[in-house]
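Have a look at the structure below, then the notes.
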Amino acid sequence: MIIGTFIFYFILFAIVFSYPGFRNKKDKRSVFKLLTIPAILGLGMVFLTVIKVYFVYKILALLVVLVTFVLSYWQWGNQIRRLWNEF
């Protein structure tokens, strides 16, 4: 059950992050980013499933993380871009 949940969320996030603007065909590290980010988010969702968090609260948790990331990017955008390009 847990493996199935991880695979479901991994595929869901992989589809979302495979948007053409996210990938860079010239950069070979974009495949690494395409696989690691959905895997990390999938593991987070599996963790929330294990502790029996309902689907609505999972979406709210993702929104809180997204808003936090956007505000962090707004504040420290140059440092985040530099770190992102190192990977």
Side-chain angles (χ1 to χ4, degrees):
M1 179 70 182
I2 292 174
I3 301 278
T5 304
F6 172 74
I7 290 171
F8 170 75
Y9 283 117
F10 178 77
I11 291 171
L12 181 72
F13 288 127
I15 291 170
V16 169
F17 284 112
S18 66
Y19 180 72
F22 184 75
R23 293 183 301 146
N24 186 0
K25 293 182 180 182
K26 296 177 185 175
D27 188 13
K28 294 180 181 179
R29 295 173 293 187
S30 65
V31 174
F32 176 73
K33 293 176 188 176
L34 181 65
L35 295 177
T36 54
I37 293 173
I40 291 170
L41 291 174
L43 285 174
M45 295 301 276
V46 166
F47 177 73
L48 292 175
T49 301
V50 169
I51 60 172
K52 302 295 182 201
V53 176
Y54 295 105
F55 185 74
V56 173
Y57 294 119
K58 290 179 196 177
I59 300 297
L60 290 175
L62 283 175
L63 287 175
V64 167
V65 168
L66 181 67
V67 167
T68 304
F69 179 74
V70 167
L71 291 175
S72 298
Y73 188 76
W74 185 23
Q75 183 70 27
W76 298 298
N78 292 331
Q79 291 89 348
I80 292 172
R81 265 186 255 118
R82 205 173 3 190
L83 178 67
W84 184 258
N85 289 331
E86 287 180 12
F87 288 113

Q. How far does CG of L41 sit from OG1 of T36, to the nearest 0.5 angstrom?
A. 9.5 Å
(Q) Looking at I3, I'd like to know if its CD1 atom is crowded, meaning that more than 12 non-hydrogen atoms belonging to other residues, nucleotides or ligands lie closer than 6.0 Å. (A) no
Q: Treating Ile, Leu, Val, Met, Phe, Trp and Tyr as nodes and any side-chain heavy-atom pair under 4.5 angstrom as an edge, say whether F10 and I40 lie in one connected cluster.
A: no
Q. About how many Å separate CG of L62 and CZ of F13, when rounded to the nearest 0.5 Å?
A. 5.0 Å
(Q) Just to verify, which of V67, T68, L60 counts as forming a side chain to side chain contact (heavy atoms under 4.5 Å, CB included) with V64? (A) T68
Q.
According to a hydrophobic-cluster definition based on side-chain heavy atoms being under 4.5 Å apart (Ile, Leu, Val, Met, Phe, Trp, Tyr only), do L63 and M45 belong together?
A. yes
Q) Are W76 and V65 connected in a single hydrophobic cluster, I mean Ile/Leu/Val/Met/Phe/Trp/Tyr linked by side-chain heavy atoms less than 4.5 Å apart? A) no
**Q.** In one Ile/Leu/Val/Met/Phe/Trp/Tyr side-chain cluster, 4.5 Å: I15, I7
**A.** yes
